[in-house]
Q: 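Please read through the structure below; I'll follow up with questions.
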Number of protein chains: 2
Amino acid sequence: MTARPSEPADSGWSASMNVLGDFIRAQRQLAKMSLREMAAMSNVSNAYLSQVERGLHQPSLKVLQSIADALQLSTDQLLKQAGWSTSAGSDGAGPVAQSTEDAIKADPRLSPEQRTALLGVYRSFVGTA
Amino acid sequence: MTARPSEPADSGWSASMNVLGDFIRAQRQLAKMSLREMAAMSNVSNAYLSQVERGLHQPSLKVLQSIADALQLSTDQLLKQAGWSTSAGSDGAGPVAQSTEDAIKADPRLSPEQRTALLGVYRSFVGTA
DNA sequence: TGCAGATGCTCAGTATGGGTAGCAAGTTCC
DNA sequence: GGAACTTGCTACCCATACTGAGCATCTGCA
């Protein structure tokens with residue numbers, strides 16, 4: 001589990017650029033759901049959910065909505081994660097955004113030094129040096 | 001043309017419940033474009049566009065974006081026409097992470113190992129060992 | 001030590017999205 | 001009456017979204 005077997009060669013997309021799938025999986029685990037539970041709630045087969053989370057397939061709108069519903073997310077949030085530009089007005093109101101970086105910056109339990117350190121670690125991970 | 005030959009009997013969907021297709025067709029004609037012109041602009045085949053407009057097929061996100069682009073509409077407008085409720089269920093209590101820890105857990109840019117590591121660092125800082 | 005249940009994943013098949021080629025009907029020009 | 005062009009639509013085909021059944025692994029629990 002959690003092991004990426006081989007990265008299936010892929011067709012053009014730089015291998016591990018699976019934003020949507022990772023996001024869905026993260027949200028599902030956050031909600032403490034198994035694939036089968038989520039499958040039952042969304043009427044999407046657990047097999048397919050697994051593949052979507054691993055980035056092997058690009059789900060349709062219908063499935064995306066079902067997933068959003070099961071996870072109690074807005075479809076917009078999922079669509080943002082799926083590769084769509086939203087073009088119109090970038091974000092504006094877009095509140096929920098909530099990046100990890102922002103969360104760290106806003107965390108009152110961290111001292112300034114700790115904050116800086118944690119941000120450093122995080123950035124080194126995601127390559128936002 | 002513009003004549004509906006026979007309403008293809010249909011399979012369950014109440015025949016003329018084709019909101020998205022009608023909208024697209026209306027917008028296209030408003031822009032005084034032929035199917036083939038629009039096909040050229042959007043890189044979607046005229047054949048498929050025809051079927052989408054007639055409600056015989058449900059286009060994918062990718063196609064929807066291409067169409068929106070050709071028609072100079074925002075993708076949102078088209079998505080609204082496609083049957084999507086934006087629902088988001090109840091919202092409010094929704095997950096999506098409020099704490100730093102949740103943000104880290106939900107961050108799609110982190111690998112499982114990185115996530116664990118970062119959480120470890122964070123917890124060591126705030127004493128939530 | 002077993003077994004039973006849950007987990008995520010894979011394999012094989014079906015349904016549907018989407019493209020290519022070609023059709024019939026309508027214009028315009030000869 | 002043609003061609004030569006456009007229009008929208010359809011028949012055929014392939015790629016991919018999606019499902020169902022089953023596998024392998026990891027727990028409990030006797």
Side-chain angles (χ1 to χ4, degrees), chain A residues 1-13 18 20-22 24-71 78-79 82-83, chain B residues 1-13 18 20-22 24-71 78-79 82-83 111-112:
Chain A
M1 292 190 203
T2 69
R4 305 213 178 205
S6 60
E7 286 302 354
D10 220 319
S11 53
W13 292 87
N18 173 30
L20 175 64
D22 288 338
I24 292 178
R25 169 155 299 187
Q27 290 296 320
R28 175 174 63 80
Q29 292 174 336
L30 227 145
K32 300 215 186 311
M33 276 196 287
S34 73
L35 278 174
R36 278 179 173 79
E37 286 179 282
M38 188 165 155
M41 295 187 60
S42 60
N43 286 320
V44 176
S45 71
N46 72 76
Y48 189 57
L49 286 178
S50 169
Q51 299 181 79
V52 167
E53 288 189 350
R54 307 192 68 224
L56 303 180
H57 279 299
Q58 168 151 357
S60 71
L61 239 92
K62 205 179 61 187
V63 167
L64 224 46
Q65 277 194 188
S66 303
I67 292 176
D69 213 53
L71 291 176
L78 276 191
L79 284 173
Chain B
M1 307 311 147
T2 69
R4 305 214 179 206
S6 62
E7 284 303 354
D10 223 320
S11 52
W13 290 86
N18 174 30
L20 176 65
D22 287 339
I24 292 178
R25 170 156 299 186
Q27 290 298 319
R28 176 174 62 82
Q29 291 174 335
L30 223 129
K32 301 213 185 312
M33 276 195 288
S34 73
L35 278 174
R36 278 180 173 78
E37 284 179 284
M38 187 165 152
M41 294 187 60
S42 58
N43 286 319
V44 176
S45 71
N46 72 77
Y48 188 58
L49 286 177
S50 169
Q51 298 182 78
V52 166
E53 288 189 352
R54 307 194 68 224
L56 303 181
H57 278 299
Q58 168 150 355
S60 71
L61 240 91
K62 206 180 61 187
V63 167
L64 224 46
Q65 276 193 193
S66 302
I67 292 176
D69 212 53
L71 291 175
L78 275 192
L79 282 173
S111 76

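Throughout, a chain's letter reflects where its sequence line sits, starting with A, and its residues are numbered from 1.
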Q: How would you label the contact of B/Gln58 with the nucleic acid (heavy atoms, under 4.0 Å): base, sugar-phosphate, or nothing?
A: sugar-phosphate
Q: Rounded to the nearest Å, what distance is computed from the CD atom of residue B/Glu53 to the C1' atom of nucleotide D/dC9?
A: 11 Å
Q: Just how far is it from atom CG of B/Asp69 to atom CE of B/Met41, taken to the nearest 0.5 Å?
A: 7.5 Å
Q: From A/Ile67 CD1 over to A/Ile24 CD1, what is the distance, rounded to the nearest 0.5 angstrom?
A: 4.0 Å
Q: Can you find a side chain N or O atom of A/Arg54 that sits less than 4.0 Å from OP1 or OP2 on C/dT10?
A: yes
Q: Separation of B/Lys32 atom NZ from D/dT6 atom C1', in whole Å?
A: 17 Å
Q: Out of C/dG19, D/dC9, D/dT19, which has the shortest distance to the side chain of A/Tyr48?
A: D/dT19
Q: To the nearest 0.5 angstrom, please state how far the CD atom of B/Gln58 sits from the CG atom of B/Leu64.
A: 9.0 Å
Q: Determine the minimum heavy-atom distance between B/Ser50 and B/Leu35, stating which atoms define it.
A: CB-CD1, 3.8 Å
Q: In whole angstrom, give the distance that lies between atom CG of A/Leu35 and atom P of C/dT10.
A: 12 Å
Q: In whole angstroms, how far is the P atom of C/dG18 from the CG atom of B/Leu56?
A: 14 Å
Q: Whether B/Ser50 contacts D/dC9 is assessed here as follows: a side-chain N or O lying under 4.0 Å from the phosphate OP1 or OP2. Is that the case?
A: yes
Q: Among C/dT10, D/dC18, C/dG19, which nucleotide sits nearest the side chain of A/Ala47?
A: C/dT10
Q: Return the residues of residues 37-46 of chain B meeting this criterion: a heavy atom under 4.0 Å from some atom of DNA chain D. Order them by number, or give none.
A: B/Asn46
Q: Phosphate oxygens OP1/OP2 of D/dC9: is one of them under 4.0 Å from a side-chain N or O of B/Arg36?
A: no
Q: May I have the distance from B/Gln51 (atom CD) to C/dG17 (atom P), rounded to whole angstrom?
A: 10 Å
Q: For A/Ala39 versus A/Ser45, what's the shortest heavy-atom pair and its separation?
A: CB-C, 3.9 Å
Q: Taking CE from A/Met33 and C1' from C/dA6, how many angstroms apart are they, rounded to a whole number?
A: 16 Å
Q: OP1 or OP2 of D/dG8 versus the side-chain N and O atoms of B/Arg28: is any pair under 4.0 Å?
A: yes
Q: Is there a side-chain contact between A/His57 and the phosphate of D/dA17, meaning an N or O under 4.0 Å from OP1 or OP2?
A: yes
Q: Using only side-chain N and O atoms of B/Ser60, determine if any of them is under 4.0 Å from OP1 or OP2 of C/dG18.
A: yes
Q: Say you draw a straight line from OG of B/Ser60 to NZ of A/Lys62; how long is it, rounded to the nearest 0.5 Å?
A: 13.0 Å
Q: Compare every heavy atom of B/Ser66 with every heavy atom of B/Val44, then report the nearest pair and how far apart it is.
A: CG2-CB, 4.1 Å
Q: Between C/dG17 atom C1' and B/Leu49 atom CG, what is the distance in whole Å?
A: 13 Å
Q: Can you identify which nucleotide, out of D/dC9, C/dG8, C/dG19, has its nearest atom closest to the B/Arg25 side chain?
A: D/dC9
